[in-house]
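Have a look at the structure below before the remarks.
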Number of protein chains: 2
Amino acid sequence: MSLSDFELEVMQLLWELEEATAPQLHKLIAQRRPVKYTTVKTIIDRLEKKAALQRSRTEGRTIFYAPLTVKKDVRGSLLKDFINKVFLGKSQPLAAHILEEEELSIDDIEYLEKLLKERKQELQ
Amino acid sequence: MSLSDFELEVMQLLWELEEATAPQLHKLIAQRRPVKYTTVKTIIDRLEKKAALQRSRTEGRTIFYAPLTVKKDVRGSLLKDFINKVFLGKSQPLAAHILEEEELSIDDIEYLEKLLKERKQELQ
DNA sequence: CTTGCATAACTACAAATGTAGATATATGCT
DNA sequence: AGCATATATCTACATTTGTAGTTATGCAAG
């Protein structure tokens, strides 16, 4: 099951919030860029049809939605697609690209070094 | 300028081959999955309109196409978008995800360790 | 108990995308 | 020279996506 950019944006908020209403989600996204309530609601409806989220409870006639998909799973599958499409299926060039070009702090780097050391030990 | 999945697939081949004809590209892609010549040619035409590639020369009435965009630039901009959308703009969680979950050989790991060491030295 | 409003539900539409048919035409072969 | 064929060009169409208008309706306040 694939998510569009906008659908993913809504899911990111839901993963963060655990649950949320359409008006809440609209207000959050409207802080970033101008978008009408009905637009956000349409995206929520589509996510519901795709079973990426579900209605968790209501308050008055306002509906709360909660994620049905797990962030790590979705990220993992998006990453796999991305590596296939953009880096011809090879993770190493992507990792190299990030470690060389993307912004990383000293702490980030030391944490990543630790991960690599652990990874290497598993392989030996 | 954004590229669709199919457009990117054609560009990946062009970056590899330096230049190619529509029939060549069609044959290569058709090895992976069934697709008609005209479909591939449509994508090439769209890439030409987007100025991602250009006609480099002809042989008879067959046209050779060459990339106008640079692989590293396109990858960089796609990666930036991807990090923004999927990892909320933070490279470190993506790097961590890859170093933990994706397949890497000992050689890969040692190369990445070297990159990190160099990166750290630049920062200090 | 009515009514205005917030929210939900439904409908619409243009642009991008994957897909390919229909048509035109230059070239190389007989 | 005429013709078959490969290639190019043009047109079309369904689906997905972002975007939002229109309509329906339940609830809260007076």
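Order of the sequence lines sets the chain letters (A, B, ...), proteins ahead of strands, with each chain counted from 1.
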Quick one: [X] [atom1] to [N] [atom2], roughly how many Å, whole number?
X	N	atom1	atom2	answer
Asp45(B)	dA16(C)	CG	C1'	16 Å
Met1(A)	dT17(D)	CE	P	12 Å
Tyr37(A)	dT22(D)	OH	P	17 Å
His26(A)	dA20(D)	NE2	C1'	11 Å
Lys27(B)	dT7(D)	NZ	C1'	10 Å
Gln24(A)	dT7(C)	CD	C1'	13 Å
Ile43(B)	dC10(D)	CD1	P	17 Å
Ile63(A)	dC27(D)	CD1	P	11 Å

Exercise for the section: Before accepting this row, confirm whether a basic side-chain N of the pair Glu113(B)/Lys117(A) lies closer than 4.0 Å to the acidic partner's carboxylate O. Expected result: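 A salt bridge is absent here (no side-chain N lies under 4.0 Å from a carboxylate O).
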Problem - Ion pair Arg57(B)/Glu59(B), N-O distance below 4.0 Å - result: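 Salt bridge flag = yes for Glu59(B) with Arg57(B).
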Practice task
Check the hydrophobic clustering (I, L, V, M, F, W, Y; side-chain heavy atoms under 4.5 Å; chains of links allowed) and say if Leu99(B) and Ile106(B) are grouped together.
Solution key: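 Per the 4.5 Å side-chain linkage, Leu99(B) and Ile106(B) are co-clustered.
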Give one of base, sugar-phosphate or nothing for [X], where a contact means two heavy atoms less than 4.0 Å apart.
X	answer
Lys41(B)	base
Thr39(A)	base
Thr21(B)	nothing
Asp5(A)	sugar-phosphate

Handout entry: base_contact_polar (dA8(D) base, Thr38(B) side chain, donor-acceptor, <3.5 Å)
Key =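 No such pair is found, so the answer is no.
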Exercise for the section: Record whether the side chain of Arg61(B) comes under 3.5 Å of the base of dG28(C) through a donor-acceptor pair of N or O atoms. Expected result: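 No such pair is found, so the answer is no.
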For the side chain of [X], starting at C-beta, report the closest nucleotide among [options].
X	options	answer
Lys50(A)	dT17(D), dA8(D), dA12(D)	dT17(D)
Arg33(B)	dG18(C), dT19(D), dT19(C)	dT19(C)
Pro23(A)	dT7(D), dC10(D), dT7(C)	dT7(C)

Exercise for the section: Test Glu7(A) against every option in Lys49(A), Arg46(A), Lys50(A) by the salt bridge (charged side-chain N to carboxylate O under 4.0 Å, His left out) rule and name the one that passes. Expected result: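 When salt bridge (charged side-chain N to carboxylate O under 4.0 Å, His left out) is applied between Glu7(A) and each of Lys49(A), Arg46(A), Lys50(A), only Lys50(A) qualifies.
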Exercise for the section: Report the relative orientation of the aromatic rings in His97(A) and Phe87(A); use parallel for angles under 30°, tilted for 30 to 60°, perpendicular for over 60°. Expected result: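 Judged by the thresholds at 30° and 60°, the geometry between His97(A) and Phe87(A) is perpendicular.
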